[in-house]
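Taking it in order: structure first as structure tokens, then the write-up.
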Amino acid sequence: MEVEIKLRLPDAAAHRRLSAFLAPRLRRTHAQRNLFFDAAARTLAAATAALRVRLYDGPDDRNPLRAVLALKRRPRIDAGVSRVEEIEETLDPALALACADDPARLGGLDSPIIRLVAAEYGVGGDDAPFICLGGFRNTRAVYDYELEDGGGGLVLELDETRFDFGTSYELECETAEPDRVKEVLERLLTVAGVPYEYSQSNKFACFMAGKLLP
């Protein structure tokens, strides 16, 4: 179970302000291309599941440095706390590109995730081959944030997500202590003078809806 705090920023100005405030703590920045796969009947989406291939960094779309296959299921989000069942595995970037070009190839991968999708949802075989639904791009800045009380540190992720229909901005933090960490992030944003709201939906939900959701 992945548990994350997700706080939505209202616009690019708020994103720039927070980026500047956190700049001394910047660890790295990732350019991500996210592609989603399902059967033509949207079998996975109907079961609140999402199968994603994420391509990282690289000089262009045909030369990613890394690729990760993920299955996310049964998402819940309440008051900015997101919980979702997640399984991940690395993919060879060249193989990931081949599956993006020919989505049906994904069903033939020697992959625990693909076998699980076939067994539980019946997707990926000849009767329900994979298609690519499309996706979105995300720029993720990763920060190390030390807690003032000496209670260790957090890894913060500041996202700028570009859909075909608009751009969203979000601060995220994966944690086993969501109540405590949410208070820390809210205090951080208040000190930085950055307005925010609790996210009510995830990126995949926005993508499927074809519009920016709260």
Side-chain angles (χ1 to χ4, degrees), residues 2 4 6 12 15 19 26-40 42-45 48-73 75 82 84-118 121 123-124 128-143 155-174 199 201-210 212-213:
E2 177 191 64
E4 289 182 308
K6 291 178 176 283
H15 179 269
S19 295
L26 181 64
R27 180 198 296 179
R28 61 181 177 270
T29 301
H30 290 301
Q32 302 171 343
R33 181 182 173 211
N34 299 277
L35 298 173
F36 296 90
F37 298 82
D38 203 337
R42 307 296 194 269
T43 307
L44 297 179
T48 65
L51 185 66
R52 182 191 70 203
V53 171
R54 174 172 285 169
L55 303 163
Y56 283 86
D57 302 319
D60 55 57
D61 282 353
R62 303 308 300 176
N63 294 280
L65 299 182
R66 187 160 65 97
V68 176
L69 176 67
L71 176 65
K72 294 196 168 195
R73 305 194 288 177
S82 168
V84 61
E85 298 177 19
E86 182 179 42
I87 311 168
E88 288 188 337
E89 59 186 75
T90 58
L91 277 183
D92 176 81
L95 184 57
L97 284 176
C99 291
D101 293 337
D102 181 9
R105 289 189 60 175
L106 195 61
L109 295 188
D110 181 15
S111 156
I113 290 177
I114 297 302
R115 288 193 291 271
L116 175 63
V117 169
Y121 302 101
V123 175
F130 286 112
I131 65 168
C132 183
L133 303 178
F136 52 81
R137 296 175 187 271
N138 187 54
T139 300
R140 171 166 289 174
V142 182
Y143 303 89
V155 176
L156 308 184
E157 297 172 338
L158 181 58
D159 286 350
E160 178 183 11
T161 307
R162 296 174 300 284
F163 303 95
D164 290 343
F165 45 82
T167 303
S168 70
Y169 307 91
E170 195 169 48
L171 179 64
E172 301 182 351
C173 181
E174 187 170 351
S199 297
S201 54
N202 59 36
K203 296 178 179 69
F204 180 66
C206 291
F207 167 69
M208 292 299 287
L212 299 179
L213 301 174

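Numbers for residues simply follow the sequence, beginning at 1. Please read these numbers as outputs of a predicted model, since none were measured by experiment. Heavy atoms only: backbone and side chains are in, while hydrogens, waters and symmetry mates are out.
- A 4.5 Å side-chain heavy-atom check between Asp159 and Gln32 finds every atom pair outside the cut-off.
- Distance OH/Tyr143 to CG/Leu171: 9.0 Å, rounded to 0.5 Å.
- Counting heavy atoms from C-beta outward, Arg62 and Leu97 have side chains that approach closer than 4.5 Å.
- Glu160 places a side-chain heavy atom less than 4.5 Å from the side chain of Thr167.
- When every heavy atom of Phe163 is checked against every heavy atom of Lys203, the shortest pair comes out as CE2-O, 3.7 Å.
- The shortest distance between side-chain heavy atoms of Glu170 and Thr161 does not fall below 4.5 Å.
- Ring geometry for Phe204 versus Phe207: interplanar angle of 30 to 60°, hence tilted.
- The side-chain heavy atoms of Glu172 and Arg140, taken from C-beta on, include a pair separated by under 4.5 Å.
- Taking every heavy atom of both residues into account, Asp61 and Arg137 meet most closely at OD2-NH2, 2.5 Å.
- In plain terms, the two heavy atoms of Leu213 and Ser201 that are nearest each other are CB-OG, 3.2 Å.
- Aromatic rings from Phe136 and Phe165 are positioned such that their centres are separated by 6.0 Å or more.
- With contacts defined as side-chain heavy-atom distances shorter than 4.5 Å, the pair Pro75/Thr48 qualifies.
- Between the CG atom in Leu156 and the CG atom in Leu26 there is a gap of 11.0 Å [rounded to 0.5 Å].
- With rounding to the nearest 0.5 Å, the separation of CD in Glu4 from SG in Cys173 is 8.5 Å.
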- Test side chain to side chain contact (heavy atoms under 4.5 Å, CB included) on Asn138 and His30 and set out the steps. CA-CA 8 Å; Asn138 187 54; His30 290 301; over 6 Å; no
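- Using a 4.5 Å heavy-atom threshold, the side chains of Leu91 and Leu109 count as touching.
- One N or O on the side chain of Glu89 and one on the backbone of Ile113 form a donor-acceptor pair closer than 3.5 Å.
- Side chain of Arg42 to main chain of Ala40: a donor-acceptor pair is present (N/O by atom type, distance under 3.5 Å, no hydrogens or angles).
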- Can you list the steps and then say if Phe130 with Ile114 is a side chain to side chain contact (heavy atoms under 4.5 Å, CB included)? CA-CA 10 Å; Phe130 286 112; Ile114 297 302; 4.2 Å; yes
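- Ring geometry, His15 versus Tyr169: the interplanar angle falls from 30° to 60°, so the pair is classed tilted.
- We find the CG-CG distance between Leu133 and Asp38 to be 5.5 Å, quoted to the nearest 0.5 Å.
- Few gaps surround CG on Asp101; more than 12 heavy atoms of other groups in view lie less than 6.0 Å from it.
- For Asp110, the CG atom is loosely surrounded, since the number of other residues' heavy atoms within 6.0 Å does not exceed 12.
- Between Asn34 atom CG and Arg162 atom CZ the span is 10.5 Å, to the nearest 0.5 Å.
- Contact check for Pro129 versus Pro103: no side-chain heavy atoms found under the 4.5 Å cut-off.
- Looking at Glu88 and Arg52, a side-chain N of the basic residue comes within less than 4.0 Å of a carboxylate O on the acidic one, giving a salt bridge.
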